[in-house]
Amino acid sequence: MTKIKAIKGDITTLDVDAIVNAANTSLLGGGGVDGAIHRAAGPELLAECKQLHGCEIGQAKITKGYRLPARYVIHTVGPIWRGGDHNEAKLLANCYLNSMTLATTYNIKTIAFPAISCGVYGYPIAEATEIAVNTVKKFLTTNSNFDYIYFVCFNEDIYQNYLSAIKKYSAD
Ligand code: AR6
């Protein structure tokens, strides 16, 4: 059975099959976790990203991990929070679904997600973490390819929200 865990730390240090990047539609780097991943992976990552011609919100694309301990990086683009009436919840759920679907085609067994859209894109943390956990759980009901799913938290507030969401959905 797949294990789902919230952990605190820096996603770029994790020795997993794939880490997920909270990118922007250009896929050409940025700040936050995106900047950290590009710095740690080295310039070869940007070179491969340039070949991908961007990514739409809610979609996902994959590259190698280069100098990262992770073998792959799955780049997805979360929605910018605009009050909640602009399809944000569906688009955020799509980030998780499409990242996991892509991961299964690469036989990825361990995957680590950052809190997509919870930084500069401004998504309310409680809602975003519930969507993340609920979407992953639903996906796992029809797919048993994964050993571990990690939700990587860069601060205590996000960590506590993930713990609550995991508890809430653990009865499902
Ligand atoms: N490891 C794990 N989590 C991290 C790390 C890290 N090394 N660094 C930051 N976080 P953000 P977004 C957390 O802003 O909201 C970029 O410029 C951070 O604390 O990185 O989806 C892109 O290019 C927060 O909880 O992503 C886009 O333009 C979470 O990762 C835009 O930001 C996501 O914050 C995307 O915004």
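Indexing begins at 1, ligand by ligand and atom by atom, following the structure's order.
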Below the 3.5 angstrom mark, is there an N/O of [X], backbone or side chain, next to an N/O of ligand 1?
{"X": "Asn24", "value": "yes"}
{"X": "Gly119", "value": "yes"}
{"X": "Val120", "value": "yes"}
{"X": "Tyr121", "value": "yes"}
{"X": "Gly122", "value": "no"}

Compute the minimum heavy-atom distance from Gly78 to ligand 1 and say whether it is under 4.0 Å.
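Outside the 4.0 Å threshold, so no.
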Using non-hydrogen atoms of the residue, decide whether Cys153 is closer than 4.0 angstrom to ligand 1.
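The answer is no: ligand 1 sits nowhere under 4.0 Å from a heavy atom of Cys153.
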Answer with side chain, backbone, both or neither: which part of Ala22 has a heavy atom less than 4.0 angstrom from an atom of ligand 1?
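Looking at Ala22 and ligand 1, atoms from backbone and side chain both fall under 4.0 Å.
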Mode of Ile37 contact toward ligand 1 - side chain, backbone, both, neither (heavy atoms, under 4.0 Å):
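Contact part for Ile37 vs ligand 1: neither.
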Give the numbers and elements of all ligand 1 atoms closer than 4.0 Å to a heavy atom of [X].
{"X": "Gly31", "answer": "16 (C), 17 (O)"}
{"X": "Ala36", "answer": "7 (N)"}
{"X": "Gly9", "answer": "1 (N), 2 (C)"}
{"X": "Gly30", "answer": "17 (O), 23 (O)"}
{"X": "Ile158", "answer": "25 (O)"}
{"X": "Cys118", "answer": "15 (O)"}
{"X": "Asp34", "answer": "22 (C), 23 (O)"}

Any side-chain heavy atom of [X] sitting closer than 4.5 Å to one from [Y]?
{"X": "Phe151", "Y": "Ile4", "answer": "yes"}
{"X": "Ile74", "Y": "Phe113", "answer": "no"}
{"X": "Thr63", "Y": "Leu45", "answer": "yes"}
{"X": "Thr110", "Y": "Asp15", "answer": "no"}
{"X": "Tyr106", "Y": "Tyr72", "answer": "yes"}
{"X": "Lys138", "Y": "Tyr169", "answer": "no"}

With a cut-off of 6.0 Å (strictly less than), are more than 12 heavy atoms of other residues, nucleotides or ligands near [atom1] of [X]?
{"X": "Lys109", "atom1": "NZ", "result": "yes"}
{"X": "Glu44", "atom1": "CD", "result": "yes"}
{"X": "Lys64", "atom1": "NZ", "result": "no"}

At what distance is the nearest protein heavy atom to [atom], and which residue and atom is it?
{"atom": "atom 7 (N) of ligand 1", "value": "Asp10 OD1, 2.8 Å"}
{"atom": "atom 30 (O) of ligand 1", "value": "Val33 CB, 4.0 Å"}
{"atom": "atom 4 (C) of ligand 1", "value": "Phe154 CG, 3.4 Å"}
{"atom": "atom 1 (N) of ligand 1", "value": "Ile11 N, 3.0 Å"}
{"atom": "atom 33 (C) of ligand 1", "value": "Ala115 O, 3.2 Å"}
{"atom": "atom 21 (O) of ligand 1", "value": "Ser117 N, 2.8 Å"}

Centroid separation Tyr96 to Phe139 less than 6.0 Å:
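No: the rings miss the under 6.0 Å criterion.
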Check the hydrophobic clustering (I, L, V, M, F, W, Y; side-chain heavy atoms under 4.5 Å; chains of links allowed) and say if Ile116 and Leu27 are grouped together.
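In one cluster: no.
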Ring-face cation of Lys5 near Tyr150 (centre distance under 6.0 Å, axis angle within 45°):
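Output no; distance or angle outside limits.
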Thr2 OG1 to Ile111 CD1 distance, which is reported to the nearest 0.5 Å:
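One gets 11.5 Å once the value is rounded to the nearest 0.5 Å.
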